[in-house]
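Read the structure below first, then the notes.
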Amino acid sequence: MYILFIFIIYYLIKEDYWKGSFSKLQIIIKKNSNLFLIALILTIFSISFLDLPISKYFSQQNSISFLKPFIKIINNFGDGSFIFPLFTTLLIVSLLIQQDKYKKILLISLSSSIYAGLFNLFLKIFFNRARPYIDLNPYKLFVYKNINIFRADYWSMPSGHTIVAFAAIIPLVIHFENKLLKSLLITISILEAFARVYLFKHWLSDVIMAAFLGTIIGIIAYQNNITSSTNKELIQ
């Protein structure tokens, strides 16, 4: 599987699936500063007023404990060890049954999720925020003193599972026209974000930031790689 992963990474780089992604992100930030400001305000509001009471509630998990088995299944969707084999398998199947029309969008979603995961890693190290199960203090960010910055217990912000799930799903939501499929995909993304908070792995603000960034990355990946005839500039 690791060899296959390296091969696909090489192919994505060779075919320029990530070309211009960083510069496009800068352009989108400049063109949509108000949108980013709203996301920032929501994140700060969540840190100030919502993170602690919501995490305290889910730390008990008594009232909705019947959801736990289902939530654990949903939680796996944002895991790279699940996303990569899933999309790789779908890609291989589409080629075997000669459905090349799905090849492009699957590669876009896969490249988007990998890009989001790598980008998120830098953000986690930058914010270095304690997860709620380590310290029930939502203001514990930028904790560098006497802490190993590569310690996953302090990689709470943003949520990696959430950003990967949204980054993988958004290109599919844009591409396919079936409304039922769109609704199902969006629901899966939202449930993934909920699962991270429910399982006491992240603060609400972590998943808010991750969902926003994952969506932006997904849009950029789609706009950069889909053919110009069907390209949709969704962010103006």
Side-chain angles (χ1 to χ4, degrees), residues 21-22 25-26 28-29 32-59 61 71-72 74-83 112-170 188-221:
S21 295
F22 182 73
L25 179 60
Q26 290 179 306
I28 286 182
I29 291 174
N32 302 272
S33 56
N34 291 337
L35 188 61
F36 278 81
L37 180 61
I38 291 173
L40 178 61
I41 291 173
L42 285 175
T43 301
I44 295 174
F45 179 82
S46 179
I47 293 173
S48 302
F49 301 105
L50 301 177
D51 280 6
L52 184 57
I54 289 176
S55 288
K56 278 186 175 180
Y57 176 77
F58 284 119
S59 68
Q61 296 186 12
I71 292 299
K72 283 187 173 181
I74 290 294
N75 178 63
N76 291 329
F77 187 80
D79 194 320
S81 62
F82 177 81
I83 285 281
S112 178
S113 64
I114 295 172
Y115 179 90
L118 294 174
F119 179 62
N120 191 62
L121 178 60
F122 288 102
L123 292 178
K124 282 179 177 291
I125 294 173
F126 172 73
F127 287 112
N128 219 55
R129 186 185 196 187
R131 295 182 187 268
Y133 64 77
I134 287 293
D135 192 331
L136 208 55
N137 175 7
Y139 300 103
K140 201 162 187 178
L141 295 100
F142 309 108
V143 184
Y144 302 119
K145 188 176 181 180
N146 299 324
I147 294 294
N148 183 350
I149 62 172
F150 296 105
R151 183 181 171 186
D153 290 337
Y154 286 82
W155 281 4
S156 191
M157 177 177 275
S159 165
H161 282 64
T162 304
I163 195 172
V164 167
F166 273 83
I169 281 176
I170 289 302
I188 291 174
S189 299
I190 294 173
L191 286 175
E192 172 64 39
F194 172 76
R196 299 307 287 165
V197 179
Y198 174 85
L199 294 174
F200 207 46
K201 300 293 185 181
H202 285 283
W203 305 94
L204 177 64
S205 54
D206 296 336
V207 301
I208 289 175
M209 178 184 288
F212 177 75
L213 292 174
T215 299
I216 296 298
I217 291 171
I219 292 172
I220 291 172

Heavy-atom closest pair, residues [X] and [Y]:
X	Y	result
Leu204	Val197	CA-CG2, 4.1 Å
Ser55	Phe200	O-CE1, 3.2 Å
Met157	Ser205	CE-OG, 3.8 Å
Glu192	Gly78	OE1-N, 3.2 Å
Ser189	Phe166	O-CE1, 3.4 Å

Is it the case that Tyr133 and Asp153 place a side-chain donor and acceptor less than 3.5 Å from each other?
->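 Checked: Tyr133/Asp153 side chains pair up, N/O donor to acceptor below 3.5 Å.
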Check: Asn120 side chain, Ala116 main-chain N or O, donor-acceptor pair, under 3.5 Å |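 Such a contact is absent between Asn120 side chain and Ala116 backbone.
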Can you say whether the rings of Phe142 and Phe127 are parallel (under 30°), tilted (30 to 60°) or perpendicular (over 60°)?
->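 Rings of Phe142 and Phe127: tilted, as their planes differ by 30° to 60°.
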Say you draw a straight line from CD1 of Ile54 to NE2 of His202; how long is it, rounded to the nearest 0.5 Å?
->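 Reported to 0.5 Å precision, the distance equals 15.0 Å.
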Could you tell me the separation between the CG atom of Leu213 and the CD1 atom of Ile208, rounded to the nearest 0.5 Å?
->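 CD1 of Ile208 is found 12.0 Å from CG of Leu213.
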Verify whether the ring centers belonging to Phe212 and Phe36 lie closer than 6.0 Å.
->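 Yes - the distance between ring centres of Phe212 and Phe36 falls below the 6.0 Å cut-off.
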Side chain proximity check, Ile47 to Arg129, heavy atoms < 4.5 angstrom |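 Yes, side chains in contact.
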Restricting to pairs with a member in residues 112-128, which pass salt bridge (Lys or Arg N to Asp or Glu O under 4.0 Å), not counting sequence neighbours?
->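 Checked against salt bridge (Lys or Arg N to Asp or Glu O under 4.0 Å) - neighbours excluded - no pair reaches residues 112-128.
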Heavy atoms of other groups near Phe122 CZ, more than 12 under 6.0 Å =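 Not buried by this count: 12 neighbours or fewer within 6.0 Å.
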Give a yes or no on whether a salt bridge exists between Arg196 and Asp206, defined as a side-chain N under 4.0 angstrom from a carboxylate O.
->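 So Arg196 does not pair with Asp206 through a salt bridge.
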Would you please name every residue forming a side-chain contact (heavy atoms from CB on, under 4.5 Å) with Leu191, sequence neighbours left out?
->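 Result, side-chain contact (heavy atoms from CB on, under 4.5 Å) vs Leu191: Phe70, Ile74, Thr187.
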